[in-house]
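Encoded as structure tokens, the structure appears first; notes follow it.
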Amino acid sequence: MTNQELQKTINKVGLNQSDLARMIYETETLTTSQRVVINRYWTGKVKIPHWLPKLLDRYITKANEQRINT
């Protein structure tokens, strides 16, 4: 996944960088370093880890299932 693909996917599901960080780190309160890591993925300064697209796919699938069931 490229940083442009990450941005497109995140925007498509209505999330932002902070939402993504909270999902990855499973916390409501983010540290500066956590925000910086996500921003580096976002801007392409750091390669996106192989597990992140899989995590996003799971999130999207779960969100779609919840919409169908409500």
Side-chain angles (χ1 to χ4, degrees):
M1 173 177 268
T2 66
N3 68 310
Q4 291 92 3
E5 292 169 331
L6 174 65
Q7 293 172 14
K8 184 178 177 181
T9 302
I10 294 300
N11 290 331
K12 183 178 176 181
V13 296
L15 299 176
N16 59 38
Q17 290 183 52
S18 294
D19 296 328
L20 178 60
R22 286 186 198 97
M23 182 177 27
I24 291 171
Y25 294 107
E26 297 180 344
T27 183
E28 287 296 317
T29 307
L30 296 170
T31 65
T32 301
S33 63
Q34 290 169 330
R35 291 177 187 271
V36 168
V37 167
I38 300 306
N39 185 263
R40 288 181 179 168
Y41 297 156
W42 194 265
T43 60
K45 292 180 182 176
V46 174
K47 184 178 176 183
I48 295 171
H50 70 281
W51 50 264
L52 185 51
K54 294 174 186 176
L55 179 70
L56 288 173
D57 285 342
R58 286 191 205 130
Y59 173 82
I60 292 167
T61 300
K62 185 175 180 180
N64 287 336
E65 288 173 354
Q66 288 177 343
R67 281 188 211 116
I68 291 170
N69 292 330
T70 53

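- Checked by atom type and distance alone, the side chain of Thr27 never pairs as donor or acceptor with a backbone atom of Leu30 at under 3.5 Å.
- How far CG of Asn3 is from CD1 of Ile10: 12.5 Å, rounded to the nearest 0.5 Å.
- Atom CD of Gln17 and atom OG1 of Thr43 lie 8.0 Å apart (nearest 0.5 Å).
- Among residues two or more places apart in sequence or in another chain, the side chain to side chain donor-acceptor pair (under 3.5 Å) test is passed with Thr31 by Ser33, Gln34.
- Taking NZ from Lys8 and CG from Leu6, the interatomic distance works out to 12.5 Å, rounded to the nearest 0.5 Å.
- Checking each of Thr9, Leu20, Asp57 against Leu52 for a side chain to side chain contact (heavy atoms under 4.5 Å, CB included) leaves exactly one that passes, namely Leu20.
- For the pair Arg40 and Val36, the minimum side-chain heavy-atom distance is below 4.5 Å.
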In sequence, state the C-alpha distance, the side-chain angles, and the governing distance for Met23 and Leu15, and then conclude on side-chain contact (heavy atoms from CB on, under 4.5 Å).
-> CA-CA 10 Å; Met23 182 177 27; Leu15 299 176; 4.0 Å; yes
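- Put simply, the side chain of Ile38 reaches to within 4.5 Å of the side chain of Ile24, judged on heavy atoms.
- Annotation: side chain of Glu5 is in contact with side chain of Thr2 (closest heavy-atom distance under 4.5 Å).
- Taking 4.0 Å as the cut-off between side-chain N and carboxylate O, Asp19 and Arg22 count as a salt-bridged pair.
- In this structure, CZ on Arg35 lies 11.5 Å from OH on Tyr25, to the nearest 0.5 angstrom.
- In the hydrophobic clustering of ILVMFWY residues, with side-chain heavy atoms under 4.5 Å counting as a link, Val37 and Trp51 come out together.
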